[in-house]
Protein chains: 2
Amino acid sequence: MLERSGKSILIVDLFLYLHLKEIKIWIKSNFTGYEDLEWEYVVLVKKKRKYMRSGQVTIKDIAKELGISASTVSRALKDHPDISVKTKEAVNALAKAWHYKPNAVALSLRSSKSNVIGVIIPEIVHHFFSSVISGIEKIAHDGGYNVMIFQSDESYERELDNTQALLSSRVDGILVSMSKETKDYDHFRELRRNGIPIVFFDRICNELSSDNVIVDDFTGAFSAVQHLIDTGCKRIAHLSAPQHMLLGQNRLQGYRQALIKNKHKIDEDLIIKCDSFDEAKELVPLLLNLPERPDAIFAVNELTAAGALSVVKKAGLRVPEDISIIGFTDGIVSRVTDPALTTLEQHGHEVGLKATELLLERIKDRSMDYEPVTRVVKTSLVVRESTRYKE
Amino acid sequence: MLERSGKSILIVDLFLYLHLKEIKIWIKSNFTGYEDLEWEYVVLVKKKRKYMRSGQVTIKDIAKELGISASTVSRALKDHPDISVKTKEAVNALAKAWHYKPNAVALSLRSSKSNVIGVIIPEIVHHFFSSVISGIEKIAHDGGYNVMIFQSDESYERELDNTQALLSSRVDGILVSMSKETKDYDHFRELRRNGIPIVFFDRICNELSSDNVIVDDFTGAFSAVQHLIDTGCKRIAHLSAPQHMLLGQNRLQGYRQALIKNKHKIDEDLIIKCDSFDEAKELVPLLLNLPERPDAIFAVNELTAAGALSVVKKAGLRVPEDISIIGFTDGIVSRVTDPALTTLEQHGHEVGLKATELLLERIKDRSMDYEPVTRVVKTSLVVRESTRYKE
DNA sequence: GTGAAAGCGCTAACAA
DNA sequence: TTGTTAGCGCTTTCAC
């Protein structure tokens, strides 16, 4: 592997890919007599390892080295009972020494199973979605699957591209939270026609009879409003999400039903479409200027709640004494505002876990004839300082 | 495809995977005379499409249907000049009609190129990391690559597992931000030995001569402190990250140099290891009780800054009049606190873009003999309300 | 107990 | 202009 040739020329039969700097250090530390080595005298001879093609060791390499057949190596590696102990030992030893790693690509091709699941989400930069992914990743890896991520950026076009890429990649299953733009669902039907199971989460679609995992928006909203009523609030406003999103509808319904159940009258002036920090800054002042101003605000997400909080405080009103505020959480924002916001925990991680568990079941089943199910992840009320104490 | 057999039995030669409900609707809407169809009378005969094996259409399927060879189909699909227009048209038409999608797995196997890049990050649920991923995803997809995500959960063990999975998957390149636990780097060397280029970002390592993309921690910290000095602060405390992290060292150095440059003396009592919301709640009170209390706090990240803010306010001190606070941002927290926090924007998205660009260059190059480079993403000072106005 | 051969889907060199 | 063949890495019959 190392031989001297000529006066001060060192020939390195190099089969490792290393940076030049590291090679120098490696030579100096592994071979005596070259401590004073000057770089200029080193000649690098790049050579592939015998039998080694694309960088990584293959079963064939091991077979050739040991003078046995590839199939024997394959069997030895999976501890097949037919193979003699001797052979097994030799194979395993060499595989370890040579850092053999099965080629997942070849396995996929042979078995028509990629052990990859694809995920399409609107935006990763969103605490809720990133926690979902974190849950997905956990279950997937425990089950031997890898996770491929695709962002739709809330664009239908990109979502379409993503499904095509997923189809090409031959993923074993797909998790989807739809973009806001999506109104046509043929791309999802195509996936199913190809036998790829899909589980939708959070942003689901009623027109598709599919597996779903959703947050319990209705009950969450209901209990938010119930909490406000229980703590003495009379006029409760709702900052809502767009109504073409199921989530927006359900939360609004929860709000309405809670009022009805408690025999409060519903004032449509107190319901406004407002679902971002900046929108809250703009629209909440209008609510405060109402002849009979609200004494509580239920916001559809935490950033909107934070925006509302900031407006209310600037107006010189106290929270929660004058106005209670409650949000629907997907992050840490609620913990750091002053006062900290009471919210409904959405458990994104849990959504990810549940959705992936369901998907893996479907993948295992193979048959596409199951009855679609919808699993619900419960929200939980986290009482902090932006709502009053129970009387 | 549809034929009547017996009295009211409908035989459907089914080659599409659909849910039962949808099949019913499909039959009713596509065939007259079955409007009053009762489900019980439908017999489903599951049959694979002729020539179609694993669900998806292959080149072979098209070849057989058209009575030509697979290679001709392959060439026609890539618009090879040798192929006659007629053949091309026929092939393309059928490919489209049958929704042919090239099998990426087969392509990978053949070309030893998976068009996948792997990403290892400590935690997705972190605004900084998720915005990095968002940047990665963008560049990767524009370059025709898919992205596989792995979380190390700050665990060395899991990081090791991840590199093994990456090796098996034969990804074309890897982006890594190391776990806090990682002190041994052989697993990364092994990746390189196998010819897989790696680019590290944010959490990098000096012992490895590798490509890096980092945030300009030193200059960021320096300008944070400079800003505090410019606005009249005299005793500036630093809530720092652990010193075994390069990031922690660099920010501390920036802090020190800014003080030195401005001829402030460095008080070691004002430097404490404290890098989370809860730690700030616990430790900042000690700072405030110092005989000469600080009049400014530079926190190593935004959550720590938020914690400090909350403590300072609870102690009855005004921000920024009595104490200025500045953070190092990776999220929206700074915008929603009261007062909103002045911070250094870290530009995670940018880090993702730069790192991926660099990685794709390396993948294109193939040769591993390049000189490693370190690219720096500049931070920018965002002045909000938690620091005083310039005098 | 082991080997030879075929095939997963695709492409490219070589033939015709 | 098109077809044949071989091979990417692996597994799995079927032989011996």
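As a basis for the values below, the full set of heavy atoms in this structure was taken, side chains included, without hydrogen atoms, waters or symmetry mates. So you know, we letter chains A, B, ... as the sequences are listed, proteins then strands, and number each from 1.
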Who are the salt bridge (charged side-chain N to carboxylate O under 4.0 Å, His left out) partners of [X], not counting sequence neighbours?
{"X": "B/Glu159", "value": "none"}
{"X": "B/Glu181", "value": "none"}
{"X": "B/Arg75", "value": "none"}

Under the side chain to side chain contact (heavy atoms under 4.5 Å, CB included) test, which residues partner B/Asp186, sequence neighbours left out?
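Listed in chain order: B/Asp184, B/Arg189.
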Applying a 4.0 Å non-hydrogen cut-off, can you work out what B/Ser69 is touching in the nucleic acid: base, sugar-phosphate, or nothing?
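Since a base atom lies under 4.0 Å of B/Ser69, the category is base.
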Categorize B/Thr87 for me: base, sugar-phosphate, or nothing, with a 4.0 angstrom heavy-atom threshold over every strand shown.
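It contacts sugar-phosphate atoms only.
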To the nearest Å, give me how far apart [atom1] ([X]) and [atom2] ([N]) are.
{"X": "B/Asn194", "N": "D/dG9", "atom1": "CG", "atom2": "P", "answer": "13 Å"}
{"X": "B/Ile83", "N": "D/dG3", "atom1": "CD1", "atom2": "C1'", "answer": "10 Å"}
{"X": "B/Lys88", "N": "D/dT2", "atom1": "NZ", "atom2": "C1'", "answer": "13 Å"}
{"X": "B/Leu66", "N": "D/dG3", "atom1": "CG", "atom2": "P", "answer": "10 Å"}
{"X": "A/Ile62", "N": "D/dG9", "atom1": "CD1", "atom2": "P", "answer": "13 Å"}
{"X": "B/His80", "N": "D/dT2", "atom1": "NE2", "atom2": "C1'", "answer": "11 Å"}
{"X": "A/Asn115", "N": "D/dT11", "atom1": "CG", "atom2": "P", "answer": "13 Å"}
{"X": "A/Lys113", "N": "D/dC10", "atom1": "NZ", "atom2": "P", "answer": "18 Å"}

State, to the nearest 10°, the angle formed by the axis through the first five base pairs of the helix from C/dG1-D/dC16 to C/dA16-D/dT1 and the axis through its last five.
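Comparing the axis at each end, I get an angle of 60°.
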Run the side chain to side chain donor-acceptor pair (under 3.5 Å) test against A/Ser168 and tell me which residues pass, sequence neighbours left out.
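Not a single residue meets the side chain to side chain donor-acceptor pair (under 3.5 Å) criterion with A/Ser168.
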Say whether A/Thr182 and A/Ser179, considering side chains only, have a donor N or O and an acceptor N or O under 3.5 Å apart.
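Their side chains do contain a donor-acceptor pair, which is all the 3.5 Å distance test asks for.
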In a table with atom names and distances, give each donor-acceptor pair under 3.5 Å that connects a side chain of residues 101-108 of chain B to protein atoms at least two apart or in another chain.
{"from": "B/Lys101", "atom 1": "NZ", "to": "A/Gln164", "atom 2": "OE1", "distance (Å)": "3.0"}
{"from": "B/Lys101", "atom 1": "NZ", "to": "A/Glu190", "atom 2": "OE2", "distance (Å)": "2.9"}
{"from": "B/Asn103", "atom 1": "OD1", "to": "B/Val105", "atom 2": "N", "distance (Å)": "2.8"}
{"from": "B/Asn103", "atom 1": "OD1", "to": "B/Ala106", "atom 2": "N", "distance (Å)": "3.2"}
{"from": "B/Ser108", "atom 1": "OG", "to": "B/Ala104", "atom 2": "O", "distance (Å)": "2.9"}
{"from": "B/Ser108", "atom 1": "OG", "to": "B/Lys113", "atom 2": "O", "distance (Å)": "3.4"}

5' to 3', nucleotides 10-16 of chain C under a 4.0 Å protein heavy-atom cut-off (B base, S sugar-phosphate only, - none) gives BBBB---
Counting side-chain heavy atoms from CB outward, which of D/dG9, C/dT2, D/dT2 is closest to B/Leu109?
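Of all the options, the side chain of B/Leu109 is nearest to D/dG9.
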Can you sort out the partners of B/Tyr185 under ring pair (Phe, Tyr, Trp, His ring centres under 6.0 Å), two or more places apart, ordered by chain and number?
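B/Tyr185: no ring pair (Phe, Tyr, Trp, His ring centres under 6.0 Å) contacts found.
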OP1 or OP2 of C/dG1 less than 4.0 angstrom from a side-chain nitrogen or oxygen of A/Thr72, does that happen here?
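No, A/Thr72 has no side-chain N/O under 4.0 Å of OP1/OP2 on C/dG1.
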Using 0.5 Å steps for rounding, measure from the OG1 atom of B/Thr356 to the CD1 atom of B/Ile133.
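Atom-to-atom, B/Thr356:OG1 and B/Ile133:CD1 are 10.5 Å apart.
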